[in-house]
Amino acid sequence: MTFGEQPAYLRVASDLREKIVNGSLPPHTRLPSQARIREEYGVSDTVALEARKVLMAEGLVEGRSGSGTYVRERPVPRRIARSGYGLTSGANPFRQEQAADGARGTWESSSEQEPASATVAERLGIAPGERVMRTRYVFRDAGEPMMLSTSWEPLAVTGRTPVMLPEEGPLGGCGVVERMAAIDVVVDNVVEEVGARPGLAEELLTLGGVPGHVVMVVERTYYASGRAVETADVVVPADRYRIAYHLPVR
């Protein structure tokens, strides 16, 4: 293979991808069989199989037990808005930002105390094993799961206070900023890091994806005078949503 030449399986996958994109292979059409790919492109069974795996990993096709591999309906990506105005408002950021976009957002949650893992402890600036309140969320738009979130708050900050449980008490359902202000903790900074990875099996089961689908992950941490008071992982299916940031210019 000369420099810059694609491996055979990528060339086959590229041609099949083009047919899917231009409509030659429309949604719900059965992908050519492995034998057909082998004959049409003059490649081995291994190459044909690897090409199909590429398309499946990209979310363009899906396997149906006992039936074959079919072109998936390509969803039109929808927008999840994130902005800086949540820092100065008391509203739950999800409720506020989705309302601004006309979405019909609901969510369910559960909270539980646990010892901080090494990763969570590093993000919160505490010792591993220190107690944190973990809250898991499933966010829905018109009943469809659209986003997962897991947050951790150090009980050294919120323990034995009215805001110890994020979704209960007098400020249940409010944003981190207002909840912390109620216990005289002034949030003045938030950091978000956005990355992508294959979705975990349990995440895709909830979000309605298939194995191999990519998710976007927003690692968000709120700070008060340099001290982390909440950190969270927000998980969004990359094939169905885009994360849009609206940031003020100062």
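In what follows, every heavy atom counts, from backbone to side chain, and hydrogens, waters and symmetry copies are set aside.
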**OP:** List the atom of P154, the atom of V132, and the distance in Å for their closest heavy-atom pair.
**Re:** CA-CG1, 4.1 Å
Original post:
Would you call R136 and E112 a salt bridge, using N to O less than 4.0 angstrom?
Top reply: no
**OP:** Taking all heavy atoms of G63 and all of M56, pick out the closest pair and write down the distance.
**Re:** N-CE, 3.7 Å
Original post:
How long is the gap from CD on Q34 to CZ on R52, to the nearest 0.5 Å?
Top reply: 6.0 Å
**OP:** Not counting sequence neighbours, which residues clear salt bridge (Lys or Arg N to Asp or Glu O under 4.0 Å) with E62? List them please.
**Re:** R64, R72
Subject >> Greater than 12 external heavy atoms within 6.0 Å of E193's CD >> reply: no
Original post:
Taking R242 for the side chain and A238 for the main chain, is one N or O donor matched with an acceptor at less than 3.5 Å?
Top reply: yes
**OP:** Answer yes when R179 and E153 have at least one side-chain N-carboxylate O distance shorter than 4.0 Å, and no when they do not.
**Re:** yes
**OP:** Answer yes or no: is there a side-chain heavy-atom contact under 4.5 Å between P237 and H213?
**Re:** no
Original post:
If you look at every heavy atom in S111 and P166, which pair is closest and at what distance?
Top reply: OG-CD, 3.8 Å
Original post:
Where is the tightest heavy-atom contact between C174 and E178, given as atom of each residue plus distance?
Top reply: SG-OE1, 3.6 Å
Original post:
Could R197 and E203 be called an ion pair, given the rule that one side-chain N must be under 4.0 Å from one carboxylate O?
Top reply: yes
Original post:
Checking side-chain contact (heavy atoms from CB on, under 4.5 Å) for the pair V194/Y245: CA distance, chi angles, key distance, verdict?
Top reply: CA-CA 11 Å; V194 182; Y245 284 85; 3.3 Å; yes
**OP:** Hey, could you give me the CD/OH distance between E167 and Y137, rounded to the nearest 0.5 Å?
**Re:** 3.5 Å
For residues 16-24, which side-chain donor-acceptor pairs fall under 3.5 Å, sequence neighbours excluded?
from, atom 1, to, atom 2, distance (Å)
R17, NE, E58, OE1, 2.9
R17, NH2, E58, OE1, 3.4
R17, NH2, E58, OE2, 2.8
K19, NZ, E40, OE2, 3.2
N22, OD1, S24, N, 2.8
N22, OD1, S24, OG, 2.8
N22, ND2, E18, O, 3.2

**OP:** Please report the shortest heavy-atom distance between D188 and A224, naming the atom on each side.
**Re:** OD1-CA, 3.9 Å
Original post:
In Å, rounded to the nearest 0.5 Å, how long is the span from CZ of R123 to OG of S117?
Top reply: 8.5 Å
Subject >> Residues clustering with V235 (ILVMFWY side chains joined when closer than 4.5 Å, directly or via others) >> reply: V138, L148, L204, L207, V215, V217
**OP:** Starting at CD of E114, measure out to CG of L155 and round the result to the nearest 0.5 Å.
**Re:** 10.0 Å
Subject >> Gap separating the CD1 atom of I37 from the OH atom of Y9, nearest 0.5 angstrom >> reply: 14.5 Å
Original post:
Above 12 or not: heavy atoms from other molecules or residues under 6.0 Å from CD of E122?
Top reply: no
Original post:
How many angstroms lie between CE in M180 and OG1 in T158, if you round to the nearest 0.5 Å?
Top reply: 6.0 Å
Original post:
Nearest heavy-atom pair of P32 and L25: which atoms, and what distance?
Top reply: CD-CD1, 4.3 Å
